[in-house]
Amino acid sequence: MKKRVNKFLIVVLMALIGNVSADGGQKENPFTGGSLPDGWTWKRANPEAWRLRDGGLEVKIEPGNMWGSKNDAKNVLLIPIAEDLQESGADLQATFENSPTWRWEQVDLVWYYRDSHMVKIGLELVKGRNSVVMGREENDRTRTIKIIPIEQDRVTVRLRVTAGQVRGYYRLGPEDNWTDVGICEEPRPTGGSDKAKVSIQCYQGDPQNPHWARITELKIDSVTATKAQRDARMRWWREGRFGMFVHWGPVSLKGTEIGWSRGKQVPTEQYDLLYKQFNPTEFDAEEWVGVAKDAGMKYLVLTSKHHDGFCLWPSKYTDYHIGNTPFKRDVMKELSEACRENGIRFCTYHSICDWYHPDYPLGSPGGRTVKPTHNMPRYYQYLKNQTKEIVDNYGPLGIMWFDGEWEKPWTREYGNELYSYLMKIQPNLIINNRVSKGRHGMAGTTKEVHLNSGDYDTPEQQIGGFNRERPWETCMTICRQWAWKPNDQMKSATECIQTLLRTVGGDGNLLFNVGPMPDGRIEPRQVERLKEMGTWLRKYGDGVYATRGGPLKPGKWGASTCRDNKVYLYLMNWRDDGNLLLPGIGRKIISYRILSAGEVLVKQSGDGIEIHLQSSDRDKIATVVELTVDGKAFSIDPAEVADPTI
Ligand code: H79
């Protein structure tokens, strides 16, 4: 008996260790033995009115109430959860069977703090009908979130608690998709030290003719890894800070944009035949990887497939791929191998929307065309097949970078599933927020971080805001287009490097994009520009890799980073008199030095940090001053810096 109990706890713990998701494998059934697992307690116990039978818990539904302030229900089952389940996100589910006849007779799965603070979802009789009811209670004040009548006497309910929010779902059969019920804020008691628990509650039963409700399939899972686990998984990425984005495909023959020229600048029929001429004979994977490496980049993200549907690997799930071009070679194989040999993490960009594939409902940007015989579930299977194929053939990958998620056919449920699916295939994979819904436009942030809303945010063509909580990565083009365009306007070296520094200074990564030419080469002037970045980084990049953003937030003045007891200041704009006043940092500066040529004077006073530097000693990209402070620099509270030129 004891052994089985421990097993259940181990399963919960294992869920925390792995990135086990809610729809993960079968968990140990806690109801198979002669008693309940250790630590499970009954509030207002009535031992006559519950029993374990046939692998389920059965509770005789007695009168009494938990909804509101009465709180007199019998046999409220309280189940303790692992310490950090709240932080990592909890995913609960249970299957209920009951045939209620009494008004508001119910059996509930509850996220529980106290009798006065909880969220419930259950099977209940409302207006004479079996219903799934979700409700929330704070200080005994109740709010019904949703009532959904169902015909059945059996339902599986689910609560997902992440980032202070509780989402409810239900399904009628084990193969059914989950139906959304509702969402609410978690009712945490203020000032209380209550730990969240899981509770099963049965009440408002018929006093004359009580029913035995049956509870099975109770699962308590961790939604994601804990923060510490996620940090560990993302460490190489966070420390690497700088990656190469590559947008490439047959569209480079036209020089138009990969993301939105099909059916616009290039007629669809013509666009879809471009691959027949795609023959990038100068493609050299070693060369590309060399360019990335020389630039100081630590990972490379290649468009395995963009919105146009073309695949850069010979996928067995479509004919629209590189193997059927005159070129024939497997670009992804060559590139992934070259990356591996050179210590660059190979990653893929994969578009969720696919305007080419007949099963994907939409056929052009903005959903302007709808395909006649689409089949989204089948397309979703295609997406799963292909992403698995990529991981299997070219993995382990660094990142699976999704995009095109904003279109209607993609849902949060698909996103959640795809995330869990891939994490099971490769548990140390990193997945961006575009796997799911809820991205805030081009700012790229997911405001309402829910279950599996990806590992990090993705500002596009703009530097993300300072944020040390949610990891983020700006993706930006070296020219104006993602895909190659002849004579596209290229950013200056100053702009490129300052962009990297302001990004890292905000605690983000920079994924910097090149679009190789149709002959397979990266444009020489772009190679040159990237080399300039690399040269600068080799000299002054000590404050870039393996640092954190801050404590002084990036701005017109420049940016700062920190590691251990060092603060790196990247000074970009000065007052005319050549002096700069920065806010105090609440730690004593023990020593300082300038990394570029010249001499600097740093004075710390009650007003802040004064920096004096002859204008002739300024670096036109960024003057780097390294401060050594008397403690951990990362623990300094981040501060804004006023525009020094005003
Ligand atoms: O691959 C590159 C681009 O081709 C691709 N993303 C980068 C990484 C891209 N495809 N489309 N777009 C960028 C622009 C789409 C903009 C919008 Fe929207 C789609 C505007 C409204 C819907 C972005 C998503 C802003 C809101 C939702």
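Quick caveat, the model's predicted, so the values are computed rather than measured. Order of appearance sets the numbers: ligands from 1, and atoms from 1 within every ligand. Along the sequence shown, residues carry numbers from 1.
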Atoms of ligand 1 close to [X] [distance to a heavy atom under 4.0 angstrom, numbered from 1]:
X	result
Y349	1 (O)
H306	1 (O), 2 (C), 3 (C), 4 (O)
G441	25 (C), 26 (C)

Check: Of R158, R160, K437, which is the lone residue that meets salt bridge (charged side-chain N to carboxylate O under 4.0 Å, His left out) with E413?
Finding: R160
Can you report which non-hydrogen protein atom sits closest to [atom], along with the distance?
atom	value
atom 14 (C) of ligand 1	W260 CZ3, 3.9 Å
atom 5 (C) of ligand 1	D403 OD2, 3.1 Å
atom 24 (C) of ligand 1	R439 NH2, 3.5 Å
atom 1 (O) of ligand 1	H247 NE2, 2.6 Å
atom 11 (N) of ligand 1	W406 CH2, 3.3 Å
atom 16 (C) of ligand 1	M442 SD, 4.4 Å

Would you find more than 12 non-hydrogen atoms of other residues, nucleotides or ligands less than 6.0 Å from [X] atom [atom1]?
X	atom1	value
N487	CG	no
K333	NZ	no
K553	NZ	yes

Notebook entry, point to check: Is the shortest distance from atom 21 (C) of ligand 1 to a protein heavy atom below 4.0 Å?
Noted result: no
Check: Would a search of protein heavy atoms around atom 18 (Fe) of ligand 1 find one under 4.0 Å away?
Finding: no
Next item on the list: Check the pair V181 / I145 against side-chain contact (heavy atoms from CB on, under 4.5 Å), numbers first and verdict last.
Entry: CA-CA 8 Å; V181 177; I145 290 158; 5.8 Å; no
Next item on the list: State whether D359 and R378 are salt-bridged, where the test is any N-O pair (Lys NZ or Arg NE/NH1/NH2 against Asp/Glu carboxylate O) under 4.0 Å.
Entry: yes
Next item on the list: Decide, yes or no, whether a salt bridge links D507 with R238 under the criterion of side-chain N to carboxylate O below 4.0 Å.
Entry: yes
Notebook entry, point to check: Does an N or O from E460, backbone or side chain, lie closer than 3.5 Å to an N or O of ligand 1?
Noted result: yes
Check: Counting both backbone and side chain atoms, is some N or O of H307 under 3.5 Å from an N or O of ligand 1?
Finding: yes
Next item on the list: Please list, chain by chain and in numerical order, all residues satisfying side-chain contact (heavy atoms from CB on, under 4.5 Å) with I183, sequence neighbours excluded.
Entry: Q165, R167, E448
Note to self: Could you check whether any side-chain N or O of E523 sits under 3.5 Å from a backbone N or O of R525, counting only pairs where one atom can act as donor and the other as acceptor?
What the structure shows: no
Note to self: Check for me whether H440 has a heavy atom closer than 4.0 Å to any atom of ligand 1.
What the structure shows: no
